[in-house]
Protein chains: 2
Amino acid sequence: MATVGEVSESTPSWDPYTRGCPSRDVLDQIGSKWAVLVMGELGRHGARRFTQLRQQLGGISEKMLTQTLRTLERDGLILRTVYPEAPIRVEYELTPLGQTLRGPLKALTEWSTQHIEEVVDARKKYDERTEK
Amino acid sequence: MATVGEVSESTPSWDPYTRGCPSRDVLDQIGSKWAVLVMGELGRHGARRFTQLRQQLGGISEKMLTQTLRTLERDGLILRTVYPEAPIRVEYELTPLGQTLRGPLKALTEWSTQHIEEVVDARKKYDERTEK
DNA sequence: CTGAATCCGCTATGATACTG
DNA sequence: CAGTATCATAGCGGATTCAG
């Protein structure tokens, strides 16, 4: 994911859309496959545990889940709480900042569900038109 | 990018959020780095040519640009028009369907610009808290 | 239970050269 | 100009193993 925002006609020597633009990094991250799913899951429910997420996300490896959670935590989007019980329990939930992202994310996913048929249709036509 | 939409508590055996769900494919694509930039560029201007895009996107390789454009075209989001002049001219522009995506995309990118400082700040604190 | 660490194949991406 | 073809490479992401 990356910024779609305003880019001036006069492209600056330091292009804000390639490297070095922070907002690009963020969107690349939250736009990644698992990050969206994790955010979505934590958005719908209040707090989830590691294994709980792992199961409900269906198919994510421990490595990727950990990696995704760490990055989101670092970005201040989710909160990680450790309960030193036995066995240990760790819960993840959206931070206030993370909450503000729910809207934009929802807009995009709703678009996908609303227009998916048109896209599938377009693909079909494109393929027919092409592969012969 | 992936669907953040409604997932039921009772995860079905065929998990709509992993593989096989069309809307996931779409979001993964339009959420990709270059796709967002291309859509943004074509959204702000009416129509752009290949080289024009290549320059304004700053740093994209010909291969990636072609690939991105092809996929977006296949998904029915952009229109590709060839003018058989000499030298040849090809223009790309958003389709009506592509236009409907501008809003959601804008919401996300605006979020990133509005909250980028909080994120950067969170990262800084996380790093300080961690690396020692 | 939660996750860190490691190995590793595969794909995505980029640089380059070539074509219509 | 607008690509295609080829090759090289980094890093994603998965499987497995180990640890607190």
Side-chain angles (χ1 to χ4, degrees), chain A residues 1-2 15 17-20 24-25 27-38 41-42 47-74 78-93 126 130-131, chain B residues 1-2 15 17-19 24-25 27-38 41-42 47-74 78-93 126 129-131:
Chain A
M1 179 60 65
D15 195 312
Y17 294 95
T18 46
R19 282 151 243 301
R24 273 287 307 279
D25 299 343
L27 283 183
D28 276 339
Q29 164 55 21
I30 64 177
S32 74
K33 179 179 181 179
W34 296 118
V36 179
L37 295 182
V38 169
E41 188 63 26
L42 293 180
R48 300 271 98 174
R49 302 182 54 178
F50 187 85
T51 306
Q52 225 169 1
L53 282 171
R54 182 152 158 55
Q55 291 170 345
Q56 289 174 331
L57 263 46
I60 187 173
S61 65
E62 294 183 355
K63 180 184 173 182
M64 279 299 102
L65 181 53
T66 300
Q67 198 174 104
T68 303
L69 288 171
R70 282 295 179 284
T71 307
L72 291 175
E73 186 195 359
R74 190 172 102 99
I78 66 176
L79 179 66
R80 177 175 180 268
T81 312
V82 180
Y83 298 90
E85 308 167 351
I88 192 174
R89 180 166 58 100
V90 181
E91 286 195 346
Y92 297 90
E93 60 191 316
Y126 180 93
T130 302
E131 67 184 32
Chain B
M1 180 58 66
D15 194 314
Y17 294 96
T18 46
R19 281 151 245 302
R24 272 290 304 281
D25 300 343
L27 282 184
D28 276 338
Q29 164 55 19
I30 64 177
S32 75
K33 179 179 180 179
W34 296 118
V36 178
L37 296 182
V38 169
E41 187 63 27
L42 294 180
R48 301 269 96 174
R49 304 180 54 173
F50 188 86
T51 305
Q52 225 169 0
L53 282 171
R54 183 151 159 55
Q55 291 169 345
Q56 290 174 330
L57 262 48
I60 187 174
S61 64
E62 295 182 355
K63 181 183 172 182
M64 279 300 100
L65 181 53
T66 301
Q67 197 174 107
T68 304
L69 289 170
R70 282 291 133 66
T71 307
L72 290 175
E73 185 195 1
R74 189 172 103 100
I78 67 176
L79 180 66
R80 177 174 181 271
T81 312
V82 180
Y83 298 90
E85 308 166 350
I88 192 174
R89 180 165 57 100
V90 181
E91 285 194 347
Y92 297 90
E93 61 191 316
Y126 181 93
R129 194 188 332 142
T130 302
E131 67 183 30

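The sequence lines fix the lettering, A, B, ..., with proteins before strands; numbering per chain opens at 1. All figures in this text were calculated on a predicted structure; none of them were measured in a lab.
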With a cut-off of 3.5 Å and sequence neighbours excluded, list every side-chain donor-acceptor pair involving residues 80-87 of chain A.
from: A/Arg80; atom 1: NE; to: A/Tyr92; atom 2: OH; distance (Å): 3.3
from: A/Glu85; atom 1: OE1; to: A/Arg89; atom 2: NE; distance (Å): 3.3
from: A/Glu85; atom 1: OE2; to: A/Arg89; atom 2: NE; distance (Å): 3.4
from: A/Glu85; atom 1: OE2; to: A/Arg89; atom 2: NH2; distance (Å): 2.9

Original post:
Nearest-Å distance, CZ (A/Arg89) to C1' (D/dG20)?
Top reply: 18 Å
**OP:** Compare the minimum distances between each of C/dG3, D/dC1, C/dC1 and the side chain of A/Ile88, then state the nucleotide with the smallest one.
**Re:** C/dC1
Original post:
For A/Tyr92, which contact category applies under a 4.0 Å heavy-atom criterion: base, sugar-phosphate, or nothing?
Top reply: sugar-phosphate
Subject >> Of the listed nucleotides C/dG14, C/dG3, C/dC1, the one nearest the side chain of B/Ser61 >> reply: C/dG14
**OP:** From the options B/Arg49, B/Gln55, B/Arg48, select the one residue that forms a side-chain contact (heavy atoms from CB on, under 4.5 Å) with B/Thr51.
**Re:** B/Gln55
Subject >> Separation of atom CD in B/Glu62 from atom P in D/dT6, rounded to whole Å >> reply: 16 Å
Subject >> Atom pair distance, as rounded to whole Å: CH2 in A/Trp34 and C1' in D/dG14 >> reply: 11 Å
**OP:** Using whole Å, report how far CD of A/Gln67 lies from C1' of C/dG3.
**Re:** 13 Å
Original post:
What's the closest nucleotide to the B/Thr66 side chain, out of C/dG20, D/dT4, C/dA4?
Top reply: D/dT4
Original post:
Of A/Thr68, A/Ile30, A/Thr71, which is the lone residue that meets side-chain contact (heavy atoms from CB on, under 4.5 Å) with A/Val38?
Top reply: A/Thr68
Original post:
Quick one: are A/Glu93 and A/Ile78 in side-chain contact, heavy atoms under 4.5 Å?
Top reply: no
**OP:** Indicate, with a heavy-atom threshold strictly under 4.0 Å, whether B/Arg70 touches base, sugar-phosphate, or nothing.
**Re:** sugar-phosphate
**OP:** Nearest-nucleotide wise, let me know which of A/Lys63 and B/Lys63 is further upstream toward the 5' end of DNA chain C.
**Re:** A/Lys63
Subject >> Over all atoms of both residues, closest heavy-atom pair of A/Glu62 and A/Phe50 >> reply: O-CZ, 4.1 Å
**OP:** Find the distance B/Glu91:CD to D/dG3:C1' and express it as a whole number of Å.
**Re:** 16 Å
**OP:** Quickly work out the B/Phe50 CZ to D/dA2 P distance and round it to whole Å.
**Re:** 8 Å
Original post:
Hey, does A/Arg54 reach any base, or is it just sugar-phosphate, or nothing, if we go heavy atoms under 4.0 Å?
Top reply: nothing
Subject >> Side-chain N,O (B/Arg48) to OP1/OP2 (D/dC1) below 4.0 Å >> reply: no
Original post:
What is the distance from CE of B/Met64 to P of C/dA12, rounded to the nearest Å?
Top reply: 9 Å
**OP:** Return the value, rounded to whole Å, for the distance between atom CD of B/Gln52 and atom P of D/dG3.
**Re:** 13 Å
